[in-house]
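This report refers to the structure that appears directly beneath it.
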Amino acid sequence: MDKTTLLTKKPGPIGVFDSGYGGLTILEKIREELPEYDYIYLGDNARTPYGTRSFDVVYKYTLECVQKLFGMGCHLVILACNTASAKALRSIQQIDLPRLDPERRVLGVIRPTVEAVGELTTSRHIGLLATSGTVQSNSYPLEIAKLYKDITVASEACPLWVPLIENNEHNSDGADYFVRKNLENLLKADNQIDAIMLGCTHYPLLISKIEQYLPKDIKIVSQGKLVAASLSDYLKRHPEIEKKCTKGSDIRYFTTESVEKFSTSASIFLNENIKAEHIDIE
Ligand code: DGL
């Protein structure tokens, strides 16, 4: 079926997508910065994690979720997921948007993070903590090289961090073990690092453990505020998109998995009472 014929021209909410709960850390900051807009959050919890999956699978899953959000009336979708931003964003922008609707927009989280990091490092040695998929894609070092020729990036894939969070085990002793181990690996790879990027939107949920095991003089670059500021700037520069985003301060949460599980975990993560709705992709 050609889904383009079903898309409404009417203004709609801003879509925020992640493979699971991680994008909530971005949505929270976006809502603080831009509380007047309506939002739809879509967590593909049934198919999380994306970080260990191939390029083709992440692209397929992400595109399906973006189309779902377009079908729900969103004209602007934020991929609040580094793995999807690294593996699917460019193809969606270049191949799918012209075909689906050239007037809709999909934005990612890597560029706003990279833009900020240059200001934060003195040693010009930075670290990246991310999923295996984001690390293997090399997207961060490539983006950094475009903006800052003098910055060296050491990367550490943390494949167990997302499953710990998705299973609500991020405050457990098991989480301590893996956080300490991955941070040690990163600092062993480059002992001049003075700033670390959290290149996965789930990781702010582990922030207290990361801070506990990281030397105090190393700065942590967390994405939420950076992405929110960048979105605010984008909407000012693109009034043609801004006017397609409805304003009623409404928020709806959709998950491809169990509504009860999502509502309970998301309520804990965001510290507010959340009632999710189920959605099937396909
Ligand atoms: N939160 C996502 C990211 O930023 C993805 C995690 C996953 O599904 O592996 O990369």
Side-chain angles (χ1 to χ4, degrees), residues 1-19 22-44 58-113 201 223-256 276-282:
M1 182 175 49
D2 181 3
K3 297 193 174 144
T4 52
T5 54
L6 304 175
L7 295 179
T8 175
K9 296 263 178 236
K10 282 200 303 204
I14 297 173
V16 178
F17 163 74
D18 182 49
S19 61
L24 294 172
T25 65
I26 302 283
L27 176 68
E28 188 184 19
K29 300 296 174 201
I30 291 179
R31 285 177 72 208
E32 275 170 30
E33 176 90 27
L34 300 163
E36 65 274 35
Y37 293 96
D38 296 325
Y39 297 94
I40 291 183
Y41 183 87
L42 170 51
D44 192 8
V58 173
Y59 172 36
K60 177 178 180 289
Y61 287 180
T62 306
L63 179 59
E64 285 170 357
C65 291
V66 165
Q67 283 185 267
K68 200 65 166 181
L69 286 164
F70 283 173
M72 295 163 94
C74 302
H75 291 260
L76 173 62
V77 172
I78 313 300
L79 300 185
C81 173
N82 289 268
T83 311
S85 301
K87 293 189 167 189
L89 178 64
R90 187 165 316 164
S91 304
I92 290 176
Q93 286 175 335
Q94 293 178 357
I95 302 167
D96 301 295
L97 281 184
R99 171 177 71 81
L100 293 169
D101 182 351
E103 288 176 8
R104 284 175 204 252
R105 292 290 177 272
V106 180
L107 305 175
V109 289
I110 294 180
R111 185 73 192 209
T113 313
T201 55
Q223 298 180 298
K225 280 195 177 155
L226 302 175
V227 173
S230 165
L231 177 60
S232 166
D233 181 54
Y234 179 88
L235 291 172
K236 282 189 198 113
R237 287 184 292 109
H238 294 276
E240 75 289 1
I241 302 294
E242 197 279 339
K243 69 173 193 261
K244 292 181 189 159
C245 302
T246 50
K247 291 181 182 158
S249 304
D250 186 38
I251 170 94
R252 292 176 74 186
Y253 297 90
F254 289 88
T255 175
T256 55
E277 299 164 68
H278 182 80
I279 194 163
D280 280 321
I281 306 294
E282 245 96 59

ask   = Below 4.5 Å, heavy atoms only, C-beta onward: do E242 and K247 meet side chain to side chain?
value = yes
request  = Could you tell me the separation between the OH atom of Y59 and the CD1 atom of I95, rounded to the nearest 0.5 Å?
outcome  = 4.5 Å
query = Are M72 and I279 close enough, and set up right, to give a side-chain contact (heavy atoms from CB on, under 4.5 Å), and what steps lead you there?
reply = CA-CA 11 Å; M72 295 163 94; I279 194 163; 3.7 Å; yes
key: Residue pair L69, F254: steps toward the side-chain contact (heavy atoms from CB on, under 4.5 Å) verdict   = CA-CA 10 Å; L69 286 164; F254 289 88; over 6 Å; no
Partners passing side-chain hydrogen bond (donor to acceptor under 3.5 Å, both in side chains) against R105 (at least two apart in sequence or in another chain) = none
ask   = Hey, are the side chains of Y39 and I78 touching, using non-hydrogen atoms and a 4.5 Å cut-off?
value = no
request  = Mind checking the CD1-CZ spacing from I26 to R31? Nearest 0.5 Å is all I need.
outcome  = 14.5 Å
request  = Check for a donor-acceptor pair, side chain of Y41 on one end and backbone N or O of G23 on the other, with a separation under 3.5 Å.
outcome  = yes
ask   = So do L79 and V109 actually touch side chain to side chain, heavy atoms under 4.5 Å?
value = no
query = Do the side chain of D38 and the main chain of G248 share a donor and acceptor less than 3.5 angstrom apart?
reply = yes
inquiry  = Using only atom types and a distance under 3.5 Å, with no angle test, would you say the side chain of T246 pairs donor to acceptor with the backbone of P11?
reply    = no
message = Are the side chains of V77 and L42 in contact, using a 4.5 Å heavy-atom criterion?
response = no
remark   = Value for CD (E36) from SG (C245), rounded to nearest 0.5 Å, stands at 10.0 Å
